[in-house]
Amino acid sequence: MAERTTVRRLMEEYGRTHAGEAGIRLRNTPAPLYQLLTLCVLFSIRIKADIAVAAARELFGAGMRTPRAMADSSWQDRVDALGRAHYVRYDESTSTALGAGAELVLDRYRGDLRRLRDDAGGDPERTRELLREFPRIGPVGADIFCREAQGVWPELRPSFDERARTAAAGLGLPKTPEGLARLVAADDLPKLAAALVRAGLTRGAVDELRGTG
């Protein structure tokens, strides 16, 4: 009962996915999956989450919502969009990574990341390996993609990375992905995973949720 209360409070306060904040209506279709990949590229450096989300919104607002549109945009167009979101210091290298990544999606997967899913054959670790072949995407970016995409790619469930599991332990919740998955409906797994990471990164949040702050 205490676990359910903690989860309810956690979800009410922090249960927002990065995709949702970036305006991505995540479905198992090419455009939103590519938009999620773009968001993960933006998160793959040390930068504040709200700036990464704002950068994604600027790119999408400028029409760069598909790999073809991203590849056809100019390097300067991408730099300008990132600059409007104050995504500084890394704007030029990120523009290059986004352009190269879009070309890779087009060349290897014919613009559709569902083909990456097919190539992974239902293996979550293979999915992460294939994601890490994109420029700038490392373990953190691959984990974010799987955390968010588990809502539409069931084979990734339950996806709770180390940061989420650490926060869960601090809250007195199960420490395993399987244990955490039993606390919410399958459709809410992305929100729970995101909420745990967000709470873990917010000073004092874990103590407050446990009632010890």
Transitively linked via ILVMFWY side-chain contacts under 4.5 Å: [X] with [Y]?
X	Y	result
L196	V140	no
V152	F160	no
I137	M70	yes
L37	L33	yes
L189	F145	no

Between [X] and [Y], is any pair of side-chain heavy atoms under 4.5 Å apart?
X	Y	result
P30	T66	no
L171	V7	no
E133	L130	yes
E58	L82	no
T6	R210	no
P139	R132	yes
P177	R165	yes
L131	C146	yes

Which distance, rounded to the nearest 0.5 Å, do you find between the [atom1] of [X] and the [atom2] of [Y]?
X	Y	atom1	atom2	value
E148	I24	CD	CD1	8.0 Å
R157	D187	CZ	CG	6.5 Å
R114	R117	CZ	CZ	9.5 Å
L113	T29	CG	OG1	10.5 Å
R27	L36	CZ	CG	13.0 Å
L10	R8	CG	CZ	11.0 Å

Which atom names give the shortest non-hydrogen contact between [X] and [Y], and what distance separates them?
X	Y	value
T127	A120	OG1-CB, 3.3 Å
A102	P67	CB-O, 3.5 Å
P32	L26	O-CD1, 3.8 Å
G200	V206	CA-CG2, 4.4 Å

TODO: Check the side chains of S73 and R78 for a donor-acceptor pair under 3.5 angstrom, ignoring hydrogens and angles.
DONE: yes

Within the side chain of [X], is there an N or O that forms a donor-acceptor pair under 3.5 Å with the backbone of [Y]?
X	Y	result
Y87	L42	yes
R108	L116	no
Q150	P158	no
R16	E13	yes
S93	Y90	yes
S95	W75	yes

- [ ] Could you walk me through whether Q35 and R25 pass side-chain contact (heavy atoms from CB on, under 4.5 Å), step by step?
- [x] CA-CA 9 Å; Q35 290 161 22; R25 297 183 63 183; over 6 Å; no

Open item on the list: For a side-chain contact (heavy atoms from CB on, under 4.5 Å) check, start with the C-alpha distance between F134 and L104, then their side-chain angles and the critical distance, and finish with the verdict.
Closed with: CA-CA 7 Å; F134 288 97; L104 182 56; 3.5 Å; yes

TODO: Start with the C-alpha distance between E12 and R9, add both sets of side-chain angles, then the distance that settles salt bridge (charged side-chain N to carboxylate O under 4.0 Å, His left out), and finish with yes or no.
DONE: CA-CA 5 Å; E12 288 174 353; R9 294 180 61 203; over 6 Å; no

TODO: Could you point out which residue of L98, L59, T38 forms a side-chain contact (heavy atoms from CB on, under 4.5 Å) with M64?
DONE: L59

TODO: For the pair E162 and R147, evaluate salt bridge (charged side-chain N to carboxylate O under 4.0 Å, His left out) and give the outcome as yes or no after the intermediate values.
DONE: CA-CA 11 Å; E162 183 178 354; R147 192 174 79 209; over 6 Å; no

Task: side-chain contact (heavy atoms from CB on, under 4.5 Å) evaluation trace for L201 with R163 - done: CA-CA 9 Å; L201 293 174; R163 293 182 299 175; 4.2 Å; yes

Open item on the list: Any carboxylate oxygen within less than 4.0 angstrom of a Lys/Arg side-chain nitrogen, looking at R182 and E3?
Closed with: no

